[in-house]
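Remember, predicted model here, so these are calculated numbers, not experimental data. The first residue in the sequence is number 1, and the count goes up from there.
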Amino acid sequence: EEHIPLVNKIPKIKNFIVNKIYGSPAKETPYLYIAEIHFENKEDLEFALNSIEMKEAGKHAYKLSKGNLIILFSHTIYQK
């Protein structure tokens, strides 16, 4: 209710996906959600990372996660 609208304000987003975790082969996981924010290219990502909107969304994500937040950068090497 609060976080998704903040993320939707981030400039240059191509696609935004939120996945709710419901299980793991290990049966326990400390994570509740995986969010993917896609950009057209690295330049758009860098522009977004420097935006006020990204900083606000990042602070809010950290607060929601109670400090249990991991941020990873990746690029697609295969998609079917």
Please say whether more than 12 non-hydrogen atoms of neighbouring residues, nucleotides or ligands are located less than 6.0 Å from NZ in Lys63. no

Counting only heavy atoms not in Leu49, do more than 12 sit closer than 6.0 Å to its CG atom? yes

Taking the side chain as every heavy atom from C-beta outward, state whether Leu64 and Leu69 have any atom pair closer than 4.5 Å. no

Which is it for Leu72 and Ile70 under the side chain to side chain contact (heavy atoms under 4.5 Å, CB included) test, yes or no, and what are the steps along the way? CA-CA 7 Å; Leu72 304 169; Ile70 296 175; 4.0 Å; yes

Does Phe16, at its CZ atom, have more than 12 non-hydrogen atoms belonging to other residues, nucleotides or ligands within less than 6.0 Å? yes

Residues two or more places apart in sequence or in another chain: which of them pass salt bridge (charged side-chain N to carboxylate O under 4.0 Å, His left out) with Glu40? Lys14

As an exercise, state the distance from OG of Ser74 to NE2 of His38, rounded to the nearest 0.5 Å. 7.5 Å

Shortest non-hydrogen separation from Ile21 to Tyr31 and the atoms involved: CB-O, 3.6 Å

Where is the tightest heavy-atom contact between Asn19 and Ile17, given as atom of each residue plus distance? ND2-CG2, 3.7 Å

I need the minimum non-hydrogen distance between His3 and Ala57, along with the two atoms involved. CE1-O, 3.1 Å

Any donor-acceptor N/O pair, Thr76 side chain to Tyr78 backbone, under 3.5 Å: no

Minimal non-hydrogen separation, Ala48 against Ser51, with atom names: O-OG, 2.6 Å

Beyond-backbone contact of Asn50 with Met54, side-chain heavy atoms, under 4.5 angstrom: no

Spatial distance of atom NZ (Lys42) from atom NE2 (His75) [nearest 0.5 Å]: 10.0 Å

How close do Pro11 and Phe39 get, heavy atom to heavy atom, and via which atoms? O-CE2, 3.7 Å

Within the 4.5 Å heavy-atom criterion, are Ile37 and Ile13 side-chain neighbours or not? yes

Should we say atom NZ of Lys20 is surrounded by more than 12 heavy atoms from elsewhere, each under 6.0 Å from it? yes

Can Tyr62 be reached from Val18 by stepping across I, L, V, M, F, W or Y side chains whose heavy atoms are under 4.5 Å apart? yes

Do Leu45 and Ile71 sit in the same hydrophobic cluster, where Ile, Leu, Val, Met, Phe, Trp and Tyr count as joined when their side-chain heavy atoms come under 4.5 Å apart? yes

